[in-house]
Trainee: 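Below are the structure tokens for one structure; questions will follow.
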Protein chains: 2
Amino acid sequence: MSAVERIDEIDVRILELLQEHGRMKRNRIAEEVGLSVPSVSERMRKLEERGVITGYHAVLDHKRLHFDITAFIRVIVDGSEYYPEFIRRACALDEVLEVHSITGEGSHILKVRTRNTTTLERLLSRIQSWPGVHGTVTSIVLSTFKETRRLPVVPTELVPVEEFETS
Amino acid sequence: MSAVERIDEIDVRILELLQEHGRMKRNRIAEEVGLSVPSVSERMRKLEERGVITGYHAVLDHKRLHFDITAFIRVIVDGSEYYPEFIRRACALDEVLEVHSITGEGSHILKVRTRNTTTLERLLSRIQSWPGVHGTVTSIVLSTFKETRRLPVVPTELVPVEEFETS
DNA sequence: CATGAAATTTAGTCAAT
DNA sequence: ATTGACTAAATTTCATG
């Protein structure tokens with residue numbers, strides 16, 4: 001952890017390329033950023049080792065694979081003693097893509113992707129049967145217009161100063 | 001589009017491997033699934049061409065890059081004549097990772113990732129100033145326990161039958 | 001569709017700066 | 001940290017089952 005990550009302009013460009021094209025060849029990256037292949041490899045190795053890059057993943061088209069329902073489920077778990085078990089169970093389900101604890105109404109939010117309304121209903125019943133779960137509010141996704149994890153990275157020197165003003 | 005995607009057991013295993021390890025070498029995949037390298041290449045090519053694989057992406061650690069705030073913002077856009085412009089503006093923002101229209105309270109939900117509460121506040125003010133936006137409800141993420149896009153793919157022959165019973 | 005073998009491209013190693 | 005020169009490995013091509 002610790003030690004402010006040093007990211008220079010070239011790292012930023014490498015990260016942009018790899019966020020967009022995760023299998024891009026090192027020689028192509030090298031010509032894009034104007035470095036040799038070993039230099040690019042070294043930078044990639046360090047970005048991976050430092051944990052800046054956490055992984056590379058193929059993304060699949062859920063529609064073509066018949067996962068037709070995406071939904072956000074806000075869950076009210078009453079009593080924080082139930083949180084760990086709730087989180088364990090939620091994370092264990094393949095159809096649950098995201099598990100977050102949140103502020104606002106509901107203690108947790110789940111993003112789920114499932115085949116159809118039947119499987120969604122089954123999933124909801126299951127979640128509602130878990131200890132401590134006192135209610136769920138489901139928002140079914142009608143259309144998705146953007147869905148990415150791309151971060152707009154900037155060189156370390158250029159991060160807005162207020163970031164370092166707050167303790 | 002059209003034509004039910006045929007996904008056999010080997011495709012499933014290739015998709016599992018690439019969802020988890022997006023830069024895995026073809027020869028490693030080949031030995032995992034028990035095919036030759038050219039066969040794996042051909043299958044990958046087809047899965048990409050058919051649009052089953054939509055892309056490969058490096059995923060970055062937002063904490064290490066000082067994107068400390070994740071939030072879900074439910075937006076009430078009143079009057080569907082405002083939807084297209086709202087969606088255009090939302091998608092254009094780098095800090096907005098996801099844009100969905102939904103059922104339930106609020107017409108849309110945004111997933112945003114930003115640097116700090118100051119930038120979140122700025123973002124919210126901006127969204128609230130857009131035409132048709134009548135309100136927002138923000139849930140700030142306190143902890144994330146799971147965040148993936150991995151789909152539990154199964155061979156075409158094994159998809160639950162009810163999927164084809166519903167018109 | 002799948003394969004092995006050849007041809008080509010890409011990646012890793014390393015001494016030097 | 002970056003490089004060129006070298007070796008090793010991976011990928012593409014292609015003729016054949």
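Fair warning: this is a prediction, and the values are worked out from it, not measured in the lab. Protein chains get the first letters and strands the later ones, always in sequence-line order, with residue 1 at the start of each.
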Trainee: Using whole Å, what does the distance between atom P of nucleotide C:dG12 and atom NZ of A:K25 come to?
Mentor: 11 Å
Trainee: Find the distance B:R28:CZ to D:dA9:P and express it as a whole number of Å.
Mentor: 14 Å
Trainee: Look at the side-chain N and O atoms of B:S41 and state whether any lies under 4.0 Å from the OP1 or OP2 oxygen of D:dT12.
Mentor: yes
Trainee: Check whether the side chains of A:Q19 and A:Y56 place a donor and an acceptor atom closer than 3.5 Å, and report yes or no.
Mentor: no
Trainee: Let me check something: do A:I29 and A:V12 share a hydrophobic cluster, defined by ILVMFWY side-chain heavy atoms less than 4.5 Å apart, either directly or through other members?
Mentor: yes
Trainee: Using the ring pair (Phe, Tyr, Trp, His ring centres under 6.0 Å) definition, which of the options A:Y82, A:W130, A:F72, A:Y83 pairs with A:H108?
Mentor: A:Y83
Trainee: Distance-only, no hydrogens or angles: does the B:R23 side chain make a donor-acceptor pair with backbone N or O of A:G22 under 3.5 Å?
Mentor: yes
Trainee: I'd like to know if the side chain of A:R74 reaches the main chain of A:G135, judged simply by a donor and an acceptor atom lying under 3.5 Å from each other, with no hydrogens or angles considered.
Mentor: no
Trainee: Rounded to the nearest Å, what distance is computed from the CD1 atom of residue A:I10 to the P atom of nucleotide D:dA1?
Mentor: 13 Å
Trainee: Quick one: does any side-chain atom of B:K46 pair with a main-chain N or O of B:S41 as donor and acceptor, under 3.5 Å?
Mentor: no
Trainee: Checking contacts here: which listed nucleotide (D:dT2, C:dA2, D:dT11) is nearest the side-chain heavy atoms of A:R23?
Mentor: D:dT11
Trainee: Check the distance between C:dA11's P and A:R45's CZ and give it to me in whole angstrom.
Mentor: 16 Å
Trainee: Below the 4.0 Å mark, does D:dG4 have OP1 or OP2 next to a side-chain nitrogen or oxygen of A:S36?
Mentor: no
Trainee: Donor-acceptor pair, A:R13 side chain versus A:D8 backbone, under 3.5 Å?
Mentor: no
Trainee: Grab the stems for DNA chain C, please: at least three consecutive Watson-Crick or wobble pairs, both distances below 3.5 Å, written as range with range.
Mentor: C:2-11 with D:7-16, C:13-17 with D:1-5
Trainee: Among the candidates C:dT10, C:dG4, D:dG4, find the nucleotide nearest to the side-chain atoms of A:P38.
Mentor: D:dG4
Trainee: Do you know which of A:E147, A:H57, A:E98, A:K111 makes side-chain contact (heavy atoms from CB on, under 4.5 Å) with B:R149?
Mentor: A:E147
Trainee: Considering only side-chain heavy atoms of A:N27, which listed nucleotide, D:dT3, C:dT3, C:dA11, is closest?
Mentor: C:dA11
Trainee: C:dG12 phosphate, OP1 or OP2: any side-chain N/O from A:R26 under 4.0 angstrom?
Mentor: yes
Trainee: Expressed as a whole number of angstroms, how long is the span from A:I14:CD1 to D:dA1:C1'?
Mentor: 12 Å
Trainee: Do any side-chain nitrogens or oxygens of A:K46 fall under 4.0 Å of OP1 or OP2 in D:dA1?
Mentor: yes
Trainee: Find every protein N or O atom lying less than 3.5 Å from an N or O atom of nucleotides 15-17 of chain C, and list the pairs.
Mentor:
none

Trainee: OP1, OP2 of D:dT2 versus side-chain N and O of A:R43: anything below 4.0 Å?
Mentor: yes
Trainee: Using atom types as modelled and distance alone, determine if a side-chain donor or acceptor of B:S101 lies under 3.5 Å from a backbone N or O of A:S143.
Mentor: yes
